[in-house]
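So you know, we letter chains A, B, ... as the sequences are listed, proteins then strands, and number each from 1. Computed from a predicted structure; not experimentally measured.
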Amino acid sequence: MNTTTVTIPPLPADWPADETAARAVQDALRTRVVRDEPGPPPGTGHVTGVDVAYDDERDVVAAAVVVLDAASLAVVEEATAVGTVAFPYVPGLLAFRELPAVLAALDALTVDPGLVVCDGYGIAHPRRFGLASHLGVVTGRPTIGVAKNPFTFAHEEPGAARGGTAPLLDGTEEVGAALRTRDGVKPVFVSVGHRVDLARALAHTLHLTPRYRLPETTRKADALCRAALREATA
DNA sequence: GCGACAG
DNA sequence: ATCTTGTCGC
């Protein structure tokens with residue numbers, strides 16, 4: 001298994017400088033989200049986890065992408081990218097903080113990432129364009145979002161057994177689902193990113209949680225980006 | 001106007 | 001996200 005580490009390239013000249021500019025970019029891209037394709041079936045090809053860690057004191061960011069064989073969940077390849085924070089954390093604008101690092105790490109891969117699983121939301125977003133959808137549109141790849149918190153959305157309690165679901169609601173609109181990945185454990189919040197439908201996004205999430213609440217993809221990416229940050233900061 | 005708010 | 005000890009359990 002091969003691990004590559006790269007430096008994040010300079011931001012594009014047109015990278016949004018403030019919240020207003022960032023929202024304008026979202027409005028220009030949000031119409032390109034594809035949510036009616038079923039997407040790849042679980043257990044086939046590759047599944048890639050993405051996560052990012054920060055040291056806000058030193059203004060350093062580290063992203064990790066970990067490619068798994070979808071059938072065995074064995075690590076196939078991984079990459080990290082380290083650089084300078086691109087945007088402050090603003091709820092609803094997370095993609096502008098995380099994307100430059102994530103894209104740099106993805107570019108360093110030598111294999112097809114397959115389905116990309118993000119730590120956060122897809123179309124469950126105030127303008128239906130969260131991190132997973134943004135990453136999907138920019139790369140053209142199938143993506144889903146699996147978040148640890150319900151953000152601003154409402155939901156009923158899913159059934160207590162693994163596999164239980166409940167609609168995730170923005171007012172009356174269904175934007176995703178709360179999904180119980182382990183018996184009796186707090187649910188995760190799944191939404192469509194790009195080129196995958198919700199039923200398949202849920203199936204993928206269950207396939208990736210044979211043992212823990214969070215998908216193996218995010219668990220491994222989380223461990224790797226933290227290690228990369230420690231190394232870059234040391 | 002105020003509070004809440006993925007990571 | 002990040003700051004943080006001990007502790008219960010497999």
Side-chain angles (χ1 to χ4, degrees), chain A residues 8 16 19 22-23 25-26 30 33 49-66 80-105 116-137 143-155 168-171 173-179 181-194 198 201 205 210-215 217-234:
Chain A
I8 301 169
E19 301 183 20
R23 289 193 186 91
V25 172
Q26 289 184 330
R30 57 187 291 194
V33 177
V50 163
D51 198 16
V52 182
Y54 300 92
D55 183 332
D56 282 312
E57 294 291 294
R58 306 187 192 189
D59 210 38
V60 176
V61 56
V65 296
V66 180
T80 63
V82 176
T84 301
V85 176
F87 206 82
Y89 172 67
V90 180
L93 301 178
L94 180 63
F96 296 93
R97 182 165 170 81
E98 307 217 327
L99 271 184
V102 170
L103 292 173
V116 178
V117 180
C118 294
D119 192 4
Y121 281 113
I123 64 172
H125 177 276
R127 284 172 297 286
R128 305 293 176 263
F129 199 61
L131 171 63
S133 297
H134 199 146
L135 178 62
V137 165
T143 63
I144 66 173
V146 180
K148 299 182 286 295
N149 298 295
F151 198 21
T152 62
F153 307 112
H155 66 91
L168 191 62
L169 302 174
D170 185 355
E173 186 177 347
E174 185 170 349
V175 293
L179 171 66
T181 55
R182 306 298 308 161
D183 291 355
V185 167
K186 174 183 173 171
V188 298
F189 305 90
V190 179
S191 57
V192 166
H194 183 57
L198 183 58
T205 305
R211 172 127 196 223
Y212 300 104
R213 174 184 175 237
L214 297 180
T217 38
T218 43
R219 286 170 44 78
K220 286 175 170 138
D222 179 76
L224 185 57
C225 71
R226 290 190 195 220
L229 183 65
R230 267 183 293 137
E231 190 170 314
T233 285

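Residue A/Gly145 is classed as having no contact, given no heavy-atom separation below 4.0 Å to the nucleic acid. Residue-level contact check: A/Ala53 touches the backbone only, with heavy atoms under 4.0 Å from sugar-phosphate atoms and none from bases. In this structure, A/Asp55 reaches neither bases nor backbone, as no heavy-atom distance under 4.0 Å exists between it and the strands shown. Using a 4.0 Å heavy-atom criterion, one finds that A/Tyr54 contacts the sugar-phosphate atoms exclusively.
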| Paired and unpaired positions of DNA chain C as dot-bracket, Watson-Crick or G-U wobble under 3.5 Å, | denoting a partner strand | ..........
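Put simply, chain A comes within 4.0 Å of DNA chain C, heavy atom to any atom, from C/dA1 to C/dT2, going 5' to 3'.
Atom CG of A/Asn149 is separated from atom C1' of B/dA4 by 13 Å (rounded to the nearest Å). Rounded to an integer number of Å, the gap from CZ of A/Arg127 to P of B/dA6 is 15 Å. Taking atom CZ of residue A/Arg128 and atom P of nucleotide B/dA6, one finds them 16 Å apart after rounding to whole Å. Rounded to whole angstrom, the span from the CG atom of A/Asp170 across to the P atom of B/dA6 amounts to 14 Å. We find that CD of A/Glu98 is positioned 9 Å from P of B/dG7, with the value rounded to whole Å. If you take NE2 of A/His155 and C1' of B/dA6, they are 13 Å apart, rounded to a whole angstrom. Atoms CG (A/Leu168) and C1' (B/dC5) sit 14 Å apart, rounded to a whole Å. Rounded to an integer number of Å, the gap from CZ of A/Phe151 to C1' of B/dG7 is 10 Å.
Proximity of A/Lys148 to the phosphate of B/dG7: a side-chain N or O atom is located under 4.0 Å from OP1 or OP2.
Side-chain atoms of A/Thr218 and A/Val146, non-hydrogen and from C-beta on, never get closer than 4.5 Å to each other. Considering only heavy atoms from C-beta on, A/His125 comes within 4.5 Å of A/Gln26 through its side chain.
Of the residues listed (A/Thr80, A/Val82, A/Asp55, A/Val52), the one engaging A/Leu229 in a side chain to side chain contact (heavy atoms under 4.5 Å, CB included) is A/Asp55, and it is the only one.
Across the interface with DNA chain C, nearest-nucleotide mapping of A/Val52 and A/Arg211 shows A/Val52 to be the residue nearer the 5′ end.
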| task | Run the numbers on A/Leu99 and A/Leu94 for side chain to side chain contact (heavy atoms under 4.5 Å, CB included), then give the verdict. | result | CA-CA 8 Å; A/Leu99 271 184; A/Leu94 180 63; over 6 Å; no
| Can you list the steps and then say if A/Val175 with A/Phe151 is a side chain to side chain contact (heavy atoms under 4.5 Å, CB included)? | CA-CA 12 Å; A/Val175 293; A/Phe151 198 21; over 6 Å; no
| request: Would you check, one step at a time, whether the test side chain to side chain contact (heavy atoms under 4.5 Å, CB included) holds for A/Arg219 with A/Val66? | output: CA-CA 10 Å; A/Arg219 286 170 44 78; A/Val66 180; over 6 Å; no
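Under the 6.0 Å cut-off for aromatic ring centres, A/Tyr54 and A/Tyr89 do not qualify, their centroids lying 6.0 Å or more apart.
Residues A/Lys148 and A/Asp119 are paired through a salt bridge, judged by an N-O separation under 4.0 Å between the basic side chain and the carboxylate.
Atom CD of A/Glu173 has more than 12 heavy atoms from other residues, nucleotides or ligands within 6.0 Å.
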